[in-house]
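Structure record follows, encoded as C-alpha coordinates.
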Amino acid sequence: MKAHHGMYIGGEWRPAAGADTIEVVNPVDEQVIGRVPAGTAADVGHAVRAARAALPGWAATPPAERAAKLAALRDVLVARKDEIAETVTAELGSPLQFSQAVHAGVPIMVAGSYAELAATYAFEEKVGNSTVYHEPVGVVGAITPWNYPLHQIVAKVAPALAAGCTVVLKPAEDTPLTAQLFAEAVAEAGLPAGVFNLVTGLGPVAGQALAEHPDVDLVSFTGSTAVGRRIGGTAGAAVKRVALELGGKSANVILPSADLAKAVNVGVANVMSNSGQTCSAWTRMLVHTSQYEEAVGLAAAAAAKYGDRIGPVVSAKQRSRVRSYIEKGVAEGARLVVGGPESPREQGYFVSPTVFADVTPDMTIAQEEIFGPVLSIIRYEDEEEAVRIANGTVYGLAGAVWAAEEAEAVAFARRLDTGQVDINGGRFNPLAPFGGYKQSGVGRELGPHGLSEYLQTKSLQF
Ligand code: NAD
(Lines give C-alpha, C1' and ligand atoms only; values in the text may rest on other atoms or scores of the structure.)
Protein backbone atom coordinates (compact mmCIF):
# COMPACT_ATOMS: atom_id res chain seq x y z
CA MET A 1 0.00 0.00 0.00
CA LYS A 2 1.59 3.25 -1.12
CA ALA A 3 0.12 6.74 -0.84
CA HIS A 4 -0.20 8.80 -4.01
CA HIS A 5 0.99 12.37 -3.79
CA GLY A 6 -1.53 13.65 -6.31
CA MET A 7 -5.21 13.64 -7.19
CA TYR A 8 -6.76 11.21 -9.69
CA ILE A 9 -8.31 13.62 -12.19
CA GLY A 10 -9.13 13.14 -15.87
CA GLY A 11 -7.66 9.64 -15.91
CA GLU A 12 -4.24 10.46 -14.41
CA TRP A 13 -2.55 11.25 -11.11
CA ARG A 14 -1.95 15.00 -11.13
CA PRO A 15 -0.10 17.14 -8.60
CA ALA A 16 -2.38 18.89 -6.10
CA ALA A 17 -2.85 22.64 -6.42
CA GLY A 18 -1.50 23.28 -2.90
CA ALA A 19 1.29 21.79 -0.80
CA ASP A 20 -0.66 20.83 2.35
CA THR A 21 -1.00 17.17 3.28
CA ILE A 22 -3.07 14.99 5.61
CA GLU A 23 -1.39 12.37 7.80
CA VAL A 24 -2.95 8.91 7.79
CA VAL A 25 -2.64 7.20 11.17
CA ASN A 26 -2.95 3.52 12.06
CA PRO A 27 -5.43 3.46 14.99
CA VAL A 28 -3.89 0.27 16.44
CA ASP A 29 -0.42 1.71 17.11
CA GLU A 30 -0.93 5.44 16.43
CA GLN A 31 1.87 5.45 13.81
CA VAL A 32 1.72 7.62 10.68
CA ILE A 33 1.43 5.26 7.71
CA GLY A 34 1.17 7.75 4.87
CA ARG A 35 0.36 11.25 3.70
CA VAL A 36 -2.10 12.36 1.05
CA PRO A 37 -2.65 15.80 -0.44
CA ALA A 38 -5.15 18.09 1.28
CA GLY A 39 -7.17 19.25 -1.68
CA THR A 40 -8.54 22.76 -2.11
CA ALA A 41 -11.30 24.42 -4.11
CA ALA A 42 -8.85 24.61 -7.05
CA ASP A 43 -8.46 20.80 -7.11
CA VAL A 44 -12.23 20.38 -6.85
CA GLY A 45 -12.62 22.79 -9.78
CA HIS A 46 -10.22 20.74 -11.94
CA ALA A 47 -11.99 17.51 -11.03
CA VAL A 48 -15.47 18.88 -11.75
CA ARG A 49 -14.27 20.16 -15.15
CA ALA A 50 -12.89 16.71 -15.98
CA ALA A 51 -16.17 15.06 -14.91
CA ARG A 52 -18.20 17.55 -16.98
CA ALA A 53 -16.04 16.97 -20.05
CA ALA A 54 -16.46 13.19 -19.74
CA LEU A 55 -20.23 13.33 -19.17
CA PRO A 56 -21.60 13.43 -22.76
CA GLY A 57 -19.53 10.43 -23.86
CA TRP A 58 -20.29 8.32 -20.80
CA ALA A 59 -24.00 9.20 -20.75
CA ALA A 60 -24.24 8.15 -24.41
CA THR A 61 -22.37 4.87 -23.85
CA PRO A 62 -24.88 2.00 -24.24
CA PRO A 63 -25.87 0.52 -20.83
CA ALA A 64 -24.43 -2.87 -21.84
CA GLU A 65 -20.99 -1.25 -22.30
CA ARG A 66 -21.26 0.60 -19.01
CA ALA A 67 -22.18 -2.74 -17.44
CA ALA A 68 -19.08 -4.37 -18.96
CA LYS A 69 -16.85 -1.65 -17.46
CA LEU A 70 -18.47 -2.11 -14.05
CA ALA A 71 -17.93 -5.87 -14.31
CA ALA A 72 -14.26 -5.17 -15.10
CA LEU A 73 -14.08 -2.90 -12.06
CA ARG A 74 -15.60 -5.64 -9.90
CA ASP A 75 -13.02 -8.09 -11.26
CA VAL A 76 -10.14 -5.75 -10.35
CA LEU A 77 -11.57 -5.39 -6.83
CA VAL A 78 -11.72 -9.19 -6.58
CA ALA A 79 -8.11 -9.51 -7.77
CA ARG A 80 -6.96 -6.90 -5.23
CA LYS A 81 -9.15 -8.12 -2.38
CA ASP A 82 -6.27 -8.85 0.02
CA GLU A 83 -4.69 -5.46 -0.63
CA ILE A 84 -8.05 -3.76 0.02
CA ALA A 85 -8.47 -5.62 3.31
CA GLU A 86 -4.93 -4.78 4.42
CA THR A 87 -5.37 -1.11 3.54
CA VAL A 88 -8.67 -0.81 5.43
CA THR A 89 -7.14 -2.58 8.42
CA ALA A 90 -4.15 -0.23 8.35
CA GLU A 91 -6.14 3.01 8.31
CA LEU A 92 -9.39 2.02 10.08
CA GLY A 93 -7.94 -0.54 12.51
CA SER A 94 -10.55 -3.26 11.97
CA PRO A 95 -9.39 -6.88 12.43
CA LEU A 96 -8.07 -8.33 9.15
CA GLN A 97 -10.64 -11.12 8.96
CA PHE A 98 -13.49 -8.59 9.23
CA SER A 99 -11.82 -6.39 6.62
CA GLN A 100 -11.63 -9.34 4.23
CA ALA A 101 -15.19 -10.51 4.75
CA VAL A 102 -16.97 -7.17 5.05
CA HIS A 103 -14.82 -4.17 4.05
CA ALA A 104 -13.62 -5.92 0.87
CA GLY A 105 -16.35 -8.53 0.40
CA VAL A 106 -19.43 -6.29 0.52
CA PRO A 107 -18.24 -3.66 -2.01
CA ILE A 108 -17.32 -6.46 -4.42
CA MET A 109 -20.89 -7.78 -4.06
CA VAL A 110 -22.34 -4.28 -4.58
CA ALA A 111 -20.13 -3.52 -7.61
CA GLY A 112 -21.26 -6.86 -9.09
CA SER A 113 -24.91 -6.03 -8.44
CA TYR A 114 -24.58 -2.76 -10.40
CA ALA A 115 -22.77 -4.48 -13.27
CA GLU A 116 -25.89 -6.65 -13.57
CA LEU A 117 -28.36 -3.82 -13.01
CA ALA A 118 -26.72 -1.59 -15.63
CA ALA A 119 -27.29 -4.36 -18.17
CA THR A 120 -30.88 -5.15 -17.21
CA TYR A 121 -32.44 -1.90 -15.89
CA ALA A 122 -35.34 -0.45 -17.93
CA PHE A 123 -33.84 2.91 -18.90
CA GLU A 124 -36.84 3.39 -21.20
CA GLU A 125 -40.52 2.63 -20.60
CA LYS A 126 -43.93 3.18 -22.19
CA VAL A 127 -46.61 5.01 -20.19
CA GLY A 128 -49.80 5.30 -22.26
CA ASN A 129 -48.99 7.44 -25.30
CA SER A 130 -45.61 8.46 -23.84
CA THR A 131 -42.12 7.05 -23.91
CA VAL A 132 -40.28 7.81 -20.68
CA TYR A 133 -36.47 7.90 -20.71
CA HIS A 134 -34.50 7.54 -17.49
CA GLU A 135 -31.46 9.73 -18.11
CA PRO A 136 -28.36 10.40 -16.00
CA VAL A 137 -28.64 13.39 -13.66
CA GLY A 138 -25.16 14.58 -14.65
CA VAL A 139 -22.03 15.29 -12.60
CA VAL A 140 -22.18 13.76 -9.12
CA GLY A 141 -20.29 15.07 -6.10
CA ALA A 142 -19.87 12.12 -3.70
CA ILE A 143 -18.78 12.72 -0.10
CA THR A 144 -18.14 9.65 2.06
CA PRO A 145 -17.31 8.78 5.70
CA TRP A 146 -14.58 6.51 7.08
CA ASN A 147 -16.59 3.79 8.84
CA TYR A 148 -16.90 1.45 5.83
CA PRO A 149 -14.38 3.20 3.58
CA LEU A 150 -14.77 1.20 0.37
CA HIS A 151 -18.43 0.24 0.77
CA GLN A 152 -19.47 3.89 1.13
CA ILE A 153 -17.55 4.76 -2.06
CA VAL A 154 -18.88 1.85 -4.13
CA ALA A 155 -22.47 2.37 -2.90
CA LYS A 156 -22.34 5.80 -4.60
CA VAL A 157 -19.91 5.43 -7.50
CA ALA A 158 -21.22 2.12 -8.90
CA PRO A 159 -24.87 3.23 -9.29
CA ALA A 160 -23.80 6.67 -10.54
CA LEU A 161 -21.65 5.09 -13.27
CA ALA A 162 -24.36 2.53 -14.06
CA ALA A 163 -26.79 5.43 -14.57
CA GLY A 164 -24.38 7.21 -16.95
CA CYS A 165 -23.31 9.94 -14.52
CA THR A 166 -19.70 11.00 -13.96
CA VAL A 167 -18.30 11.42 -10.45
CA VAL A 168 -16.01 13.51 -8.26
CA LEU A 169 -15.33 11.72 -4.96
CA LYS A 170 -14.18 13.41 -1.74
CA PRO A 171 -13.51 10.55 0.70
CA ALA A 172 -13.13 10.84 4.48
CA GLU A 173 -9.81 12.31 5.63
CA ASP A 174 -9.21 9.40 8.04
CA THR A 175 -9.32 6.73 5.31
CA PRO A 176 -8.03 8.20 2.04
CA LEU A 177 -5.70 5.31 1.14
CA THR A 178 -8.63 2.99 0.42
CA ALA A 179 -10.05 5.70 -1.86
CA GLN A 180 -6.72 5.97 -3.71
CA LEU A 181 -6.70 2.19 -4.13
CA PHE A 182 -10.23 2.41 -5.57
CA ALA A 183 -9.03 5.06 -8.07
CA GLU A 184 -6.22 2.69 -9.13
CA ALA A 185 -8.85 -0.02 -9.66
CA VAL A 186 -10.95 2.34 -11.81
CA ALA A 187 -7.90 3.05 -13.98
CA GLU A 188 -7.03 -0.66 -14.24
CA ALA A 189 -10.61 -1.51 -15.24
CA GLY A 190 -10.29 0.83 -18.23
CA LEU A 191 -12.98 3.34 -17.41
CA PRO A 192 -12.73 6.38 -19.71
CA ALA A 193 -10.74 9.36 -18.43
CA GLY A 194 -12.77 11.81 -16.34
CA VAL A 195 -15.65 9.43 -15.60
CA PHE A 196 -14.34 9.01 -12.05
CA ASN A 197 -12.19 11.60 -10.25
CA LEU A 198 -10.74 11.67 -6.75
CA VAL A 199 -9.95 14.71 -4.60
CA THR A 200 -8.63 13.94 -1.11
CA GLY A 201 -8.94 16.66 1.51
CA LEU A 202 -10.63 18.04 4.58
CA GLY A 203 -14.42 18.21 4.85
CA PRO A 204 -14.81 21.94 5.48
CA VAL A 205 -12.38 22.73 2.60
CA ALA A 206 -12.54 20.19 -0.25
CA GLY A 207 -15.88 18.69 0.83
CA GLN A 208 -17.57 22.03 1.11
CA ALA A 209 -16.13 23.23 -2.21
CA LEU A 210 -17.56 20.14 -3.89
CA ALA A 211 -20.98 20.49 -2.23
CA GLU A 212 -21.15 24.16 -3.27
CA HIS A 213 -19.74 23.79 -6.78
CA PRO A 214 -22.26 25.22 -9.27
CA ASP A 215 -21.38 22.68 -11.95
CA VAL A 216 -22.20 19.64 -9.77
CA ASP A 217 -25.73 18.41 -10.53
CA LEU A 218 -26.25 16.05 -7.60
CA VAL A 219 -24.56 15.82 -4.21
CA SER A 220 -24.61 12.41 -2.54
CA PHE A 221 -23.43 12.62 1.06
CA THR A 222 -22.99 10.01 3.78
CA GLY A 223 -21.95 11.20 7.21
CA SER A 224 -23.20 13.02 10.25
CA THR A 225 -26.61 14.66 10.46
CA ALA A 226 -24.97 17.99 11.36
CA VAL A 227 -22.96 18.16 8.11
CA GLY A 228 -25.83 16.62 6.13
CA ARG A 229 -28.20 19.36 7.23
CA ARG A 230 -25.77 21.96 5.95
CA ILE A 231 -25.22 20.19 2.63
CA GLY A 232 -28.98 19.78 2.20
CA GLY A 233 -29.40 23.53 2.77
CA THR A 234 -26.75 24.41 0.20
CA ALA A 235 -28.25 22.03 -2.35
CA GLY A 236 -31.75 23.35 -1.69
CA ALA A 237 -30.65 26.94 -2.26
CA ALA A 238 -29.11 25.92 -5.59
CA VAL A 239 -32.18 23.80 -6.54
CA LYS A 240 -29.90 20.80 -6.87
CA ARG A 241 -30.58 17.09 -6.29
CA VAL A 242 -29.22 15.76 -3.01
CA ALA A 243 -29.07 12.37 -1.29
CA LEU A 244 -28.28 12.23 2.43
CA GLU A 245 -27.38 9.07 4.34
CA LEU A 246 -27.02 10.24 7.93
CA GLY A 247 -26.89 9.00 11.50
CA GLY A 248 -28.95 6.42 13.35
CA LYS A 249 -29.99 5.20 16.80
CA SER A 250 -31.68 1.98 15.84
CA ALA A 251 -33.77 -0.20 18.13
CA ASN A 252 -33.44 -3.96 18.56
CA VAL A 253 -36.90 -4.91 19.83
CA ILE A 254 -37.12 -8.30 21.53
CA LEU A 255 -40.77 -9.32 21.91
CA PRO A 256 -41.58 -11.68 24.83
CA SER A 257 -42.18 -14.69 22.55
CA ALA A 258 -38.69 -14.46 20.96
CA ASP A 259 -35.70 -16.73 21.47
CA LEU A 260 -34.16 -14.40 24.04
CA ALA A 261 -30.61 -15.77 24.05
CA LYS A 262 -30.35 -15.67 20.27
CA ALA A 263 -31.82 -12.17 20.03
CA VAL A 264 -29.47 -10.82 22.71
CA ASN A 265 -26.35 -12.51 21.33
CA VAL A 266 -26.96 -11.40 17.74
CA GLY A 267 -27.86 -7.93 19.06
CA VAL A 268 -24.61 -7.58 21.00
CA ALA A 269 -22.58 -8.83 18.02
CA ASN A 270 -24.33 -6.27 15.81
CA VAL A 271 -23.34 -3.38 18.11
CA MET A 272 -19.73 -4.52 18.64
CA SER A 273 -19.11 -5.20 14.94
CA ASN A 274 -16.72 -2.63 13.39
CA SER A 275 -16.14 -1.32 16.95
CA GLY A 276 -19.65 0.10 16.98
CA GLN A 277 -18.94 2.40 14.03
CA THR A 278 -21.94 1.36 11.98
CA CYS A 279 -24.69 3.89 11.26
CA SER A 280 -27.36 1.17 11.24
CA ALA A 281 -26.17 -0.53 14.49
CA TRP A 282 -28.95 -1.57 16.90
CA THR A 283 -27.56 0.45 19.80
CA ARG A 284 -30.81 0.38 21.83
CA MET A 285 -31.97 -3.05 22.97
CA LEU A 286 -35.63 -3.03 24.07
CA VAL A 287 -36.58 -5.89 26.41
CA HIS A 288 -39.88 -6.71 28.13
CA THR A 289 -39.78 -6.13 31.89
CA SER A 290 -40.40 -9.87 32.61
CA GLN A 291 -37.17 -10.84 30.81
CA TYR A 292 -35.14 -7.75 31.57
CA GLU A 293 -32.59 -9.01 34.11
CA GLU A 294 -32.06 -12.24 32.17
CA ALA A 295 -31.34 -10.21 29.02
CA VAL A 296 -28.93 -7.93 30.88
CA GLY A 297 -27.01 -10.97 32.15
CA LEU A 298 -26.84 -12.50 28.67
CA ALA A 299 -25.72 -9.22 27.10
CA ALA A 300 -23.04 -8.68 29.75
CA ALA A 301 -21.64 -12.17 29.18
CA ALA A 302 -21.69 -11.74 25.41
CA ALA A 303 -20.01 -8.30 25.48
CA ALA A 304 -17.35 -9.32 28.01
CA LYS A 305 -16.10 -12.00 25.59
CA TYR A 306 -15.03 -9.38 23.03
CA GLY A 307 -12.36 -7.61 25.09
CA ASP A 308 -10.05 -5.68 22.75
CA ARG A 309 -10.56 -8.15 19.87
CA ILE A 310 -13.03 -5.81 18.22
CA GLY A 311 -10.24 -3.42 17.25
CA PRO A 312 -9.90 0.28 18.07
CA VAL A 313 -12.12 3.13 16.96
CA VAL A 314 -10.80 5.21 14.09
CA SER A 315 -9.11 8.15 15.83
CA ALA A 316 -8.22 9.81 19.12
CA LYS A 317 -11.07 12.26 18.50
CA GLN A 318 -13.56 9.43 18.08
CA ARG A 319 -12.24 7.67 21.20
CA SER A 320 -12.70 10.76 23.36
CA ARG A 321 -16.19 11.28 21.93
CA VAL A 322 -17.21 7.70 22.79
CA ARG A 323 -15.65 7.91 26.26
CA SER A 324 -17.50 11.12 27.02
CA TYR A 325 -20.80 9.42 26.14
CA ILE A 326 -19.94 6.55 28.50
CA GLU A 327 -19.19 9.06 31.27
CA LYS A 328 -22.48 10.80 30.52
CA GLY A 329 -24.36 7.50 30.80
CA VAL A 330 -22.92 6.95 34.26
CA ALA A 331 -23.59 10.56 35.30
CA GLU A 332 -27.23 10.34 34.18
CA GLY A 333 -27.79 7.23 36.31
CA ALA A 334 -27.57 4.30 33.90
CA ARG A 335 -26.15 1.05 35.37
CA LEU A 336 -22.74 0.20 33.88
CA VAL A 337 -22.73 -3.59 33.50
CA VAL A 338 -19.62 -4.18 31.38
CA GLY A 339 -16.84 -1.90 30.11
CA GLY A 340 -16.48 1.76 30.97
CA PRO A 341 -14.55 4.83 29.85
CA GLU A 342 -11.03 3.46 30.55
CA SER A 343 -9.07 2.17 27.55
CA PRO A 344 -8.27 -1.56 27.64
CA ARG A 345 -4.80 -0.88 26.15
CA GLU A 346 -2.17 1.81 26.60
CA GLN A 347 -1.54 2.23 22.92
CA GLY A 348 -4.12 2.58 20.18
CA TYR A 349 -7.58 4.12 20.14
CA PHE A 350 -9.28 1.23 21.95
CA VAL A 351 -12.58 1.49 23.81
CA SER A 352 -13.91 -1.34 26.01
CA PRO A 353 -17.09 -3.00 24.78
CA THR A 354 -19.63 -1.37 27.08
CA VAL A 355 -23.15 -2.34 28.17
CA PHE A 356 -25.53 -0.11 30.11
CA ALA A 357 -28.70 -1.35 31.83
CA ASP A 358 -31.51 0.72 33.41
CA VAL A 359 -31.31 3.15 30.51
CA THR A 360 -34.41 5.32 30.24
CA PRO A 361 -35.59 6.61 26.84
CA ASP A 362 -34.80 10.24 27.64
CA MET A 363 -31.14 9.69 28.59
CA THR A 364 -28.47 11.09 26.28
CA ILE A 365 -27.10 7.59 25.58
CA ALA A 366 -30.60 6.53 24.46
CA GLN A 367 -31.07 9.54 22.18
CA GLU A 368 -27.75 10.47 20.57
CA GLU A 369 -25.59 8.50 18.18
CA ILE A 370 -22.40 7.36 19.97
CA PHE A 371 -20.66 5.55 17.08
CA GLY A 372 -18.70 3.27 19.40
CA PRO A 373 -19.11 -0.19 21.04
CA VAL A 374 -21.77 0.90 23.51
CA LEU A 375 -25.14 -0.82 24.04
CA SER A 376 -28.07 0.63 26.00
CA ILE A 377 -30.67 -1.82 27.33
CA ILE A 378 -34.11 -0.27 27.86
CA ARG A 379 -37.10 -1.81 29.63
CA TYR A 380 -40.68 -1.75 28.28
CA GLU A 381 -43.95 -2.78 29.94
CA ASP A 382 -46.11 -3.50 26.90
CA GLU A 383 -46.05 -3.43 23.11
CA GLU A 384 -47.43 0.12 22.84
CA GLU A 385 -44.61 1.40 25.01
CA ALA A 386 -42.07 -0.55 22.95
CA VAL A 387 -43.32 1.15 19.76
CA ARG A 388 -43.20 4.56 21.45
CA ILE A 389 -39.64 4.05 22.68
CA ALA A 390 -38.41 2.57 19.40
CA ASN A 391 -39.81 5.56 17.47
CA GLY A 392 -38.81 8.09 20.13
CA THR A 393 -35.63 9.54 18.61
CA VAL A 394 -34.97 11.95 15.73
CA TYR A 395 -33.49 9.05 13.74
CA GLY A 396 -35.03 6.22 11.71
CA LEU A 397 -32.35 4.33 9.82
CA ALA A 398 -32.64 0.65 10.74
CA GLY A 399 -33.75 -1.77 13.45
CA ALA A 400 -34.54 -5.35 14.36
CA VAL A 401 -37.57 -7.22 15.68
CA TRP A 402 -37.57 -10.69 17.23
CA ALA A 403 -40.62 -12.89 17.90
CA ALA A 404 -41.52 -16.58 17.83
CA GLU A 405 -43.73 -16.10 14.76
CA GLU A 406 -42.52 -14.07 11.77
CA ALA A 407 -46.00 -12.55 11.34
CA GLU A 408 -45.88 -11.09 14.86
CA ALA A 409 -42.48 -9.51 14.19
CA VAL A 410 -43.61 -8.17 10.80
CA ALA A 411 -46.73 -6.57 12.33
CA PHE A 412 -44.50 -4.79 14.84
CA ALA A 413 -41.91 -3.80 12.21
CA ARG A 414 -44.65 -2.13 10.12
CA ARG A 415 -45.23 0.27 13.03
CA LEU A 416 -41.59 1.42 13.15
CA ASP A 417 -40.60 4.76 11.61
CA THR A 418 -37.44 3.41 10.07
CA GLY A 419 -36.01 2.53 6.67
CA GLN A 420 -34.82 -1.04 7.23
CA VAL A 421 -35.75 -3.77 9.74
CA ASP A 422 -34.22 -7.22 10.16
CA ILE A 423 -36.78 -9.86 11.16
CA ASN A 424 -35.40 -12.54 13.50
CA GLY A 425 -31.85 -11.81 12.35
CA GLY A 426 -32.58 -11.52 8.61
CA ARG A 427 -29.56 -11.59 6.29
CA PHE A 428 -27.97 -8.57 4.56
CA ASN A 429 -29.41 -8.05 1.09
CA PRO A 430 -27.24 -5.91 -1.24
CA LEU A 431 -30.27 -5.20 -3.46
CA ALA A 432 -32.60 -3.93 -0.70
CA PRO A 433 -33.03 -0.14 -0.49
CA PHE A 434 -31.01 1.33 2.39
CA GLY A 435 -31.72 4.75 3.85
CA GLY A 436 -33.44 6.67 6.54
CA TYR A 437 -36.77 7.98 7.73
CA LYS A 438 -36.80 11.29 9.65
CA GLN A 439 -33.36 12.83 10.30
CA SER A 440 -31.54 9.70 9.17
CA GLY A 441 -31.64 11.01 5.67
CA VAL A 442 -33.14 11.58 2.27
CA GLY A 443 -32.93 9.04 -0.55
CA ARG A 444 -31.93 5.39 -0.78
CA GLU A 445 -28.78 3.48 -1.67
CA LEU A 446 -28.19 -0.02 -3.12
CA GLY A 447 -30.10 -2.06 -5.69
CA PRO A 448 -32.49 -0.57 -8.25
CA HIS A 449 -33.71 2.08 -5.77
CA GLY A 450 -30.11 3.25 -5.36
CA LEU A 451 -29.70 3.42 -9.14
CA SER A 452 -32.84 5.52 -9.60
CA GLU A 453 -31.33 8.25 -7.35
CA TYR A 454 -28.92 9.05 -10.20
CA LEU A 455 -31.59 9.20 -12.92
CA GLN A 456 -34.04 11.86 -14.06
CA THR A 457 -36.98 11.30 -16.37
CA LYS A 458 -37.84 12.78 -19.73
CA SER A 459 -41.18 11.92 -21.31
CA LEU A 460 -42.00 12.14 -25.00
CA GLN A 461 -45.69 12.17 -26.03
CA PHE A 462 -46.88 10.61 -29.26
P1 NAD B 1 -18.82 13.67 8.99
O2 NAD B 1 -20.14 14.22 8.65
O3 NAD B 1 -17.94 14.44 9.88
O4 NAD B 1 -17.94 13.43 7.67
C5 NAD B 1 -18.43 12.72 6.54
C6 NAD B 1 -17.79 13.26 5.29
O7 NAD B 1 -18.18 14.63 5.13
C8 NAD B 1 -16.26 13.27 5.32
O9 NAD B 1 -15.77 12.99 4.02
C10 NAD B 1 -15.94 14.70 5.70
O11 NAD B 1 -14.68 15.12 5.24
C12 NAD B 1 -17.04 15.45 4.98
N13 NAD B 1 -17.34 16.78 5.54
C14 NAD B 1 -17.18 17.21 6.82
N15 NAD B 1 -17.55 18.50 6.91
C16 NAD B 1 -17.99 18.88 5.68
C17 NAD B 1 -18.52 20.10 5.16
N18 NAD B 1 -18.68 21.19 5.90
N19 NAD B 1 -18.89 20.13 3.86
C20 NAD B 1 -18.75 19.02 3.08
N21 NAD B 1 -18.24 17.86 3.52
C22 NAD B 1 -17.87 17.78 4.82
O23 NAD B 1 -19.10 12.22 9.55
P24 NAD B 1 -18.04 11.13 10.03
O25 NAD B 1 -17.64 11.43 11.42
O26 NAD B 1 -16.97 11.01 9.02
O27 NAD B 1 -18.94 9.81 9.95
C28 NAD B 1 -19.74 9.40 10.99
C29 NAD B 1 -21.20 9.74 10.70
O30 NAD B 1 -21.62 9.21 9.46
C31 NAD B 1 -22.11 9.15 11.72
O32 NAD B 1 -23.06 10.10 12.13
C33 NAD B 1 -22.81 8.03 10.96
O34 NAD B 1 -24.05 7.65 11.43
C35 NAD B 1 -22.88 8.57 9.61
N36 NAD B 1 -23.02 7.47 8.64
C37 NAD B 1 -24.22 7.28 8.01
C38 NAD B 1 -24.39 6.24 7.13
C39 NAD B 1 -25.69 6.00 6.42
O40 NAD B 1 -25.68 5.28 5.43
N41 NAD B 1 -26.78 6.55 6.85
C42 NAD B 1 -23.32 5.41 6.86
C43 NAD B 1 -22.12 5.62 7.52
C44 NAD B 1 -21.97 6.68 8.39
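We number each residue from 1, following the sequence as shown. First listed ligand is number 1; within each ligand, the first listed atom is number 1. Side chains are part of it too, since the values below use all heavy atoms of this structure and drop only hydrogens, waters and symmetry mates.
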- prompt: Do Phe371 and Trp146 have ring centroids that are under 6.0 Å from one another?
  reply: yes
Within-cutoff protein neighbour (heavy atom, under 4.0 Å) for atom 4 (O) of ligand 1: no
statement: Logged contact type for Asn147 with ligand 1, heavy-atom cut-off 4.0 Å, is side chain
- prompt: Is the cationic atom of Arg284 (NZ for Lys, CZ for Arg) positioned less than 6.0 Å from the six-membered ring centroid of Tyr395 and within 45 degrees of its normal?
  reply: no
- request: Could you check atom 14 (C) of ligand 1 against the protein and tell me its nearest heavy-atom contact, residue, atom and distance included?
  value: Gly203 CA, 3.5 Å
query: When you look for heavy atoms under 4.0 Å from ligand 1, do you find them on the side chain of Glu445, its backbone, both, or neither?
result: neither
field: Ala172 near ligand 1 by a heavy-atom separation under 4.0 Å
entry: yes
message: Tell me whether ligand 1 is touched by Pro171 - counting only heavy atoms on the residue side and a distance under 4.0 Å.
response: yes
- prompt: Is Phe434 near ligand 1, meaning one of its heavy atoms is under 4.0 Å from it?
  reply: yes
field: Verdict with reasoning, Leu177 to Ile33, per side chain to side chain contact (heavy atoms under 4.5 Å, CB included)
entry: CA-CA 10 Å; Leu177 300 179; Ile33 54 171; 4.0 Å; yes
- request: Assess Gln318 for proximity to ligand 1: is some non-hydrogen atom of it under 4.0 Å away?
  value: no
message: Against Ser99, only a single residue in Asn274, Thr89, Thr178, Asp82 fulfils side chain to side chain donor-acceptor pair (under 3.5 Å); can you say which?
response: Thr89
statement: So for Gln277 against ligand 1, with non-hydrogen atoms under 4.0 Å, the contacting part is neither
field: Over 12 non-hydrogen atoms of neighbours within 6.0 angstrom of CZ in Arg230
entry: no
